[in-house]
Amino acid sequence: MVAPELDPWIAEVLRTAEVKPDLRSLRAPSAVRPVHDPLVRDDIAPLRGRSLPVRLYQGLRDDCVLVFFHGGGFVKGDLDSHDAQARTLREVTGRPVVSVRYRLAPEHRFPRAHEDAVEAVRWVHENAGALFDGAAARVAVVGSSAGANLALGAALALASSPSAPVAQLLACPFVSGDPALPSRAEFAEGYGLTSRAVEWFIEAYVSDPAQRQDPRFAPVLSEDLAVLPPTVLFSAALDPLRDDARVLLKRLRASGVHVLASEEPTLPHGYFKYAGLSGAAKDAVVRMNTAFRDLLDDLCADVAYPEGELE
């Protein structure tokens with residue numbers, strides 16, 4: 001049963017489309033294919049002992065390169081499935097984007113995706129000028145759901161290095177893995193992503209329950225969140241992962257990290273994919289990317305940035 005407080009357009013879709021934890025169906029090829037764009041090209045990131053497919057989106061600005069990690073519970077998703085999100089990010093912020101196809105579980109379990117994220121961000125930083133014709137060696141990280149986990153984990157791992165991201169955009173982040181958080185029970189069913197599916201994703205990713213306490217898996221458990229850059233944090237109020245975002249927001253602010261945050265009251269997890277049919281989802285996506293653009297504008301111009309809740 002779909003909850004009545006959901007945006008009505010999304011509620012209609014979810015009546016017949018609840019997330020099912022089945023690897024074959026989750027990885028079914030998407031019917032959507034990216035449109036041809038001369039400013040978009042596929043490439044390969046040569047990392048240590050492996051290579052990762054990446055998609056490069058040329059931007060109008062060259063002061064910062066955005067490294068994007070797609071969602072999908074660590075087990076699904078690719079460059080095509082999240083192409084629209086990467087294009088919107090490029091179009092609204094004006095910055096070049098590198099979308100990363102990291103290794104997926106269960107074939108590649110924790111911490112492989114985390115390692116891919118860290119090395120991919122470092123590679124983009126070291127090669128920004130070659131990838132985007134003289135772009136500045138400055139990076140920011142962006143991720144949705146499990147991708148937000150990887151973006152945040154990379155920002156933590158690289159915080160004391162030359163490749164440290166200058167900002168991060170986290171959308172509907174999975175950062176805790178704690179099944180006891182109230183939102184896991186409150187929104188267990190009827191909102192698209194189910195709590196049962198969340199646990200299935202986790203079990204596919206980790207090989208030992210003790211890894212749930214590893215900050216590379218649950219970055220909100222990191223003892224030094226103060227090293228993180230200014231953050232835009234968008235979440236959904238009707239999401240079993242809602243409290244992941246709330247706990248993260250509380251800890252970031254307690255650590256002195258500058259955060260611009262918004263919790264969308266009528267939207268479920270992963271509302272970005274509904275932007276084409278829901279006015280509320282489209283508005284949230286525009287505000288999220290615009291807030292990140294404004295933050296990057298200030299950071300790249302060395303201007304002080306505001307903090308607070310976004311209306």
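Numbers here are sequence positions counted from 1.
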Only counting residues at least two apart or in another chain, list the ones meeting side chain to side chain contact (heavy atoms under 4.5 Å, CB included) with [X].
X: P96; value: V65, F132
X: A155; value: V141, P165, Q168, L228, P229
X: T290; value: V92, V286, R293, D294
X: D133; value: none

### Query
Do other residues, nucleotides or ligands put more than 12 heavy atoms under 6.0 Å from L277 CG?
yes
Salt bridge (Lys or Arg N to Asp or Glu O under 4.0 Å) partners for [X], two or more places apart:
X: R112; result: E115
X: E107; result: R27
X: R216; result: D214
X: E199; result: R184, R212

### side-chain hydrogen bond (donor to acceptor under 3.5 Å, both in side chains) partners of H125, counting only residues at least two apart
S163
### Task
Can you sort out the partners of R95 under side-chain hydrogen bond (donor to acceptor under 3.5 Å, both in side chains), two or more places apart, ordered by chain and number?
D63, D297
Presence of salt bridge, [Y] and [X], under 4.0 angstrom:
X: R55; Y: D80; value: yes
X: D37; Y: R90; value: yes
X: E119; Y: R50; value: yes

### Query
How far does OG of S145 sit from CG of L193, to the nearest 0.5 angstrom?
7.0 Å
### Message
With heavy-atom distances below 4.5 Å as the criterion, would you say the side chains of L260 and T231 are in contact?
### Response
no
### Message
Test: ring pair (Phe, Tyr, Trp, His ring centres under 6.0 Å). Region: residues 75-98. Which pairs qualify, not counting sequence neighbours?
### Response
H70-H82
### Message
Applying ring pair (Phe, Tyr, Trp, His ring centres under 6.0 Å) as the test, list every pair that has at least one member in residues 143-186; sequence neighbours left out.
### Response
F74-F174, F174-F217
